[in-house]
Colleague: 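The structure is given below, and queries will be raised subsequently.
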Protein chains: 2
Amino acid sequence: MTLSRSASCFAEILSDLVELTDNEIQALKQLEARERNLRRGAVLQRENEPDHELYILRRGMMMSYVLLEDGSRQILRFLFPGDMIGLPGILYRGSPEALCALSDCVVCPFDRSALSNLIVQHPRLAALILVVNQIERVSLTDRLAMLGRTTAKARVGALLLELRDRLRATDKSIDNSFTLGLTQEEIGDATGLTSVHVNRMLRQLEQEGSIARVNGHVTLLDESVLARSANYVNRFEGIEIDWLPVPR
Amino acid sequence: MTLSRSASCFAEILSDLVELTDNEIQALKQLEARERNLRRGAVLQRENEPDHELYILRRGMMMSYVLLEDGSRQILRFLFPGDMIGLPGILYRGSPEALCALSDCVVCPFDRSALSNLIVQHPRLAALILVVNQIERVSLTDRLAMLGRTTAKARVGALLLELRDRLRATDKSIDNSFTLGLTQEEIGDATGLTSVHVNRMLRQLEQEGSIARVNGHVTLLDESVLARSANYVNRFEGIEIDWLPVPR
DNA sequence: CGTCTGTTTGATCCTTTTCAATGCGTGTGG
DNA sequence: CCACACGCATTGAAAAGGATCAAACAGACG
């Protein structure tokens, strides 16, 4: 990983897909010129409130969620370093989703016009942003199928696998063991379950020998069982793109 | 609606967002140069099979879905004229979702390189494609919250509202009454329910006076109740985009 | 030490699924 | 034209998977 790359988290993600040119890396760096620190629990964007800025998440873990009329919450997505966030928010007067820091975070805010300029000046980056959006989209539809058609145990298992894979993308030292920076209530709000039932599913997975747990630290003992029962696929792997425009 | 516009379904959708230039319309027309007819029930793309073509749906109604190991199906999205489809499929060796015609359809296939060229030559169209992707994304997250956190009745109600709105986008004559071109099993596969329970929910909605039904034809009698109970929002409305690049 | 947040466990309730059967309309071959 | 099959809607009864309610418990922190 070259030094020039690590100046931009977003560029690092894209580098997994193609070899970026210096020009492109330079342009991406500008998106992350400014930094902003968030404390654990801080709300970066509230639902239905206008906030027309975009962000690259540089460090930490965040989540996007919606609140329903009855007070319940659905977590839509967990966010990791290199994710571009806030894109849905710039389409509407009020953001359709809230953004909140799950750990201390660093985000890099940038203006909508910066995105616009990027698209004009770097068509290949525009295409890559499209590709990343589609990966995210496929992850969302995977989660849709999970909520619609799988059991509680499978959902919890799939979430654990997904978290592991996303954490591993940033930190290659992670193998099958990681710190679960989530409460059981948060896991429930992501999987459409109650925290009580999440607890029962976790211990059931533990009892069956699929996972092990030591205060907030989870080890996946039988990935294949977890993956199969929940139809889990790591959508960040196996991307094939040979049709991109030539870089500038 | 000018004549030049109607030559491209996709252009019509984009015209709701901005005023397109002749150049842009011309470019979009080329995406829909070829046509292909599909019979009701025809599978345009099978899951996990390679098909690296893209399509604009010109006429009819389609769906995208995934099949799970246990044989159950999750319908991800219903597709309507003007929708660009197959985009997730060009990222992976095997398509992550299947595409199937729910009625007799006309699709316009085009090559990935055509998309690539469009992005290079028409940055504003690239940005608009990004915007349309985000609208779709927000619709998906709405459905995620629906599956995770709302009751069976609310889900069915929300689906009816969504169908009405999408059909109305193409056919302005539709008000609160439309033909439901879906079986109750399909409604179930979209809402994460069994067909049996969908039936019960439909009759319950009917009994409460929220909807009326005459062999496959549904009338929404109390939209506000349906919308509120399911947190339904029409995401194709209220788009605000003032940050797009200048057109070519 | 007391408070607060989060985990764990039990008992009960309820929504939705499952299984099973009936009816209904349409198309098809004899 | 009739008999039959087939897909789909409808209904009932029983079972199950999660939710809800309530309480105990553990660790962190001022």
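Within every chain, numbering begins at 1; the chains are lettered A, B, ... in the order of the sequence lines, protein sequences first and strands thereafter. Since the model is a prediction, treat every value here as computed from it, not as a measurement.
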Colleague: Would you kindly check if the NZ (Lys) or CZ (Arg) of A:R164 is within the cone defined by 45 degrees around the ring axis of A:F178 and under 6.0 Å from the six-membered ring centre?
Modeller: no
Colleague: May I ask you to check whether A:E32 and A:S8 show a side-chain donor-acceptor distance below 3.5 Å?
Modeller: yes
Colleague: Please determine if B:R235 forms a cation-pi arrangement with A:Y92, meaning its NZ or CZ atom is less than 6.0 Å from the six-membered ring centre and no more than 45° off the ring axis.
Modeller: yes
Colleague: Given that A:N215 and A:G192 both sit by DNA chain D, which one's nearest nucleotide is further toward the 5' end?
Modeller: A:G192
Colleague: Heavy atoms only, 4.0 Å cut-off, all strands: where does A:R213 land among base, sugar-phosphate and nothing?
Modeller: sugar-phosphate
Colleague: Cationic tip of A:R166 within the cone over A:F80's six-membered ring, i.e. under 6.0 Å and within 45° of the normal?
Modeller: no
Colleague: Quick one: is C:dG6 close enough that its OP1 or OP2 comes under 4.0 Å of any side-chain N or O from A:T183?
Modeller: no
Colleague: If we fit an axis to the first five pairs and another to the last five of the helix from C:dC1-D:dG30 to C:dG30-D:dC1, what angle do they make, to the nearest 10°?
Modeller: 30°
Colleague: Do B:V218 and B:T179 come close enough that some side-chain heavy atom pair is under 4.5 Å?
Modeller: no
Colleague: When you check the gap from the basic side-chain N to the acidic O, do B:E97 and B:R77 get nearer than 4.0 Å?
Modeller: no
Colleague: Select from A:Q184 and B:R155 the residue whose nearest nucleotide in DNA chain C is closer to the 5' end of that strand.
Modeller: A:Q184
Colleague: Do A:D175 and A:S177 have side-chain N/O donor and acceptor atoms under 3.5 Å apart?
Modeller: no
Colleague: Any idea which heavy atoms bring B:L102 and B:F78 closest together, and the distance?
Modeller: CD1-CD2, 3.6 Å
Colleague: Checking B:D83 against B:Y55 for the side-chain hydrogen bond (donor to acceptor under 3.5 Å, both in side chains) test, could you report, in this order, the C-alpha distance in whole Å, the side-chain angles of both residues, the deciding distance, and whether it holds?
Modeller: CA-CA 8 Å; B:D83 279 342; B:Y55 308 88; over 6 Å; no
Colleague: Regarding A:Q134 and B:N133, do their side chains bring together a donor and an acceptor under 3.5 Å, going by distance alone?
Modeller: yes
Colleague: Got a sec? Which of residues 197-209 of chain A come in under 4.0 Å of DNA chain C, heavy atoms?
Modeller: A:N199, A:R200, A:R203
Colleague: Can you tell whether the side chains of A:D189 and B:R149 come within less than 4.0 Å, N to carboxylate O?
Modeller: yes
Colleague: What is the nucleic acid contact for B:S195, judged by heavy atoms within less than 4.0 Å: base, sugar-phosphate only, or nothing?
Modeller: nothing
Colleague: Taking any atom closer than 4.0 angstrom to a non-hydrogen atom of chain A, what span of DNA chain D does the protein reach, first nucleotide to last?
Modeller: D:dG18 to D:dC21
